Amino acid sequence: MEQGRTSLRGSARGAFPGVRPGVLEADLLRALDRREIEVLFQPQFACASGAVTGAEALARWRHPTLGEIGARDLFAIAERAALVAPLSRHVVARALEDASHWPHNLTLSLNITPEELGDPRFAADFAALIGQSTIAPQRLMLEITEDLLLRNLAQAASALKALRGLGFRTALDDFGAGFCNFRYLRELPLDALKLDKVMVEGVPGDPTALAVFRAIVQLGKALGLAIYAEGIETEIQRAAITAEACDYWQGFLRAQPMPSDAVLALARTARGMGHG
């Protein structure tokens, strides 16, 4: 999941001051037809080399009057409008279309919604959708969050097992932002653990924060998981997580969400190949 962004919304996610209830929901249906929903990508870097290894797909709505609406607000609006499924399919299709032009060494991370993972048909439908693209399942990382798992852990585990059997990789996203339920690490078929930015706040200066971060990384390693750190904003943070054997990172230190062609350009530079 991306780093937090300043928003015009009020206390309720997906609500905007001065906008009447129902207006955005109606706008969203038209926006899907008009392709106002775009996909940006947050590059991910290898801690050891500094090279670009892939990117996470993030939805954006270029609303004609409100401007940019980020993914969290966008999906909240979609949920109220009962449009989560078509919105998610739209985002995945656009992300796959863009990433089909990437070299084979770059991976693509896709966020999976609670509605999708709770659908018994999701694994088969998702595999069919991916089958229409030129991207191998092994290049895709499916990210799920703790709040998603709280709804139906058994269904989530079953869907993820089926998808992993088809070659997809799976990651538990935003770990540390919620309850940090270690049961998930034991019962879910996972390949990676993505640590929320709250897990790197205070690292390395705060001894307690560093000890917690170190322990979580070591736990993940013991379970055979790749470790991603999100929200890296300073060189000190990057150096600290690298020293603690974290595998990958993403954050505003080196790259904000960007169009697909910008990801390609970054990956081809000396900096994007880990030489700068």
Side-chain angles (χ1 to χ4, degrees), residues 1-5 40-58 102-109 111 138-146 169-178 180 182 184-185 190-258 262-276:
M1 193 67 68
E2 65 186 309
Q3 290 170 264
R5 299 173 67 90
L40 298 180
F41 299 88
Q42 175 81 64
Q44 298 164 330
F45 301 88
C47 288
S49 68
V52 174
T53 59
E56 176 184 356
L58 303 169
W102 296 359
H104 294 316
N105 63 311
L106 295 186
T107 61
L108 173 64
S109 293
N111 291 288
Q138 291 77 11
R139 292 178 57 200
L140 297 175
M141 179 80 80
L142 310 183
E143 301 188 7
I144 56 175
T145 57
E146 285 188 274
R169 294 186 300 144
T170 59
L172 182 57
D173 191 19
D174 292 343
F175 193 77
C180 286
F182 293 99
Y184 299 150
L185 302 182
L190 297 171
D191 297 285
L193 186 62
K194 294 191 73 176
L195 305 183
D196 188 81
K197 65 177 298 184
V198 302
M199 298 293 293
V200 299
E201 289 176 352
V203 174
D206 182 338
T208 301
L210 180 59
V212 171
F213 181 84
R214 179 177 294 157
I216 296 300
V217 171
Q218 291 175 349
L219 173 62
K221 294 287 187 178
L223 295 173
L225 303 178
I227 309 298
Y228 289 72
E230 299 181 290
I232 301 302
E233 298 181 347
T234 69
E235 186 61 34
I236 292 175
Q237 286 179 323
R238 188 206 61 78
I241 65 168
T242 300
E244 297 300 328
C246 186
D247 298 299
Y248 306 97
W249 66 272
Q250 62 187 78
F252 291 173
L253 170 62
R254 190 171 294 178
Q256 296 196 23
M258 58 182 64
V263 174
L264 274 176
L266 176 62
R268 289 167 177 162
T269 64
R271 188 173 179 82
M273 291 186 289
H275 303 304

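Given the structure is predicted, the values throughout are model-derived calculations rather than measurements.
Around CG of Leu219, the count of heavy atoms belonging to other residues, nucleotides or ligands within 6.0 Å exceeds 12.
Residues Arg254 and Ile232 are not in side-chain contact: their nearest non-hydrogen atoms beyond the backbone lie 4.5 Å or more apart. When side chains are defined from C-beta on, Glu230 counts as touching Asp173, because their heavy atoms get closer than 4.5 Å. Proximity of Leu185 to Leu193: side-chain heavy atoms (C-beta onward) are separated by under 4.5 Å at one or more points. In this structure the side chain of Leu195 reaches within 4.5 angstrom of the side chain of Ile227, judged on heavy atoms. For the pair Leu108 and Trp102, the minimum side-chain heavy-atom distance is below 4.5 Å.
For the atom pair CD1 (Ile241) and CG (Leu210), the distance works out to 12.0 Å, reported to the nearest 0.5 Å. How far CG of Leu172 is from OG1 of Thr145: 8.0 Å, rounded to the nearest 0.5 Å. Interatomic distance, Leu142 CG to Leu190 CG, rounded to the nearest 0.5 Å: 11.0 Å. Taking CG from Leu253 and CZ from Arg238, the interatomic distance works out to 7.5 Å, rounded to the nearest 0.5 Å. With rounding to the nearest 0.5 Å, the separation of CD in Glu235 from OG1 in Thr242 is 8.5 Å. Atom-to-atom distance recorded for Met199:CE and Ile216:CD1 is 4.5 Å, nearest 0.5 angstrom.
Nearest heavy-atom pair, Phe45 versus Ala255, reported as atom, atom and distance to 0.1 Å: CZ-CB, 4.2 Å. Across Val200 and Gly231, no two heavy atoms sit closer than the pair CG2-O, 4.3 Å. When all heavy atoms of Leu106 and Gly54 are compared, the pair lying nearest together is CD2-N, 3.9 Å. Pairing each heavy atom of Gln237 with each of Val203, the nearest pair is CG-O, 3.7 Å. In plain terms, the two heavy atoms of Leu264 and Pro103 that are nearest each other are CD2-CD, 3.4 Å. Closest approach of Pro43 and Val263 over heavy atoms only: CG-CG2, 4.5 Å.
Sequence neighbours left out, the pairs with a member in residues 210-224 that pass side chain to side chain donor-acceptor pair (under 3.5 Å) are Arg214-Glu244, Lys221-Asp247. Applying the ring-ring contact (aromatic ring centres under 6.0 Å, His included) definition to pairs two or more places apart or across chains, those involving residues 223-248 are Tyr228-Tyr248. Among pairs with a residue in residues 193-218, none fulfils ring-ring contact (aromatic ring centres under 6.0 Å, His included), at least two apart in sequence or across chains.
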Quick one, Arg169 with Arg139, criterion side chain to side chain contact (heavy atoms under 4.5 Å, CB included). Give me CA distance, side-chain angles, the key distance, then yes/no. CA-CA 8 Å; Arg169 294 186 300 144; Arg139 292 178 57 200; over 6 Å; no
Evaluate the side chain to side chain contact (heavy atoms under 4.5 Å, CB included) criterion for residues Leu40 and Met258: first the C-alpha distance (whole Å), next the side-chain angles of each, then the deciding distance (0.1 Å), finally the verdict. CA-CA 5 Å; Leu40 298 180; Met258 58 182 64; 5.9 Å; no
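Donor-acceptor pairing under 3.5 Å is recorded for the side chains of Glu56 and Gln250.
Taking the six-membered ring for Trp and thresholds of 30 and 60 degrees, Phe175 and Phe182 have ring planes more than 60 degrees apart, a perpendicular arrangement.
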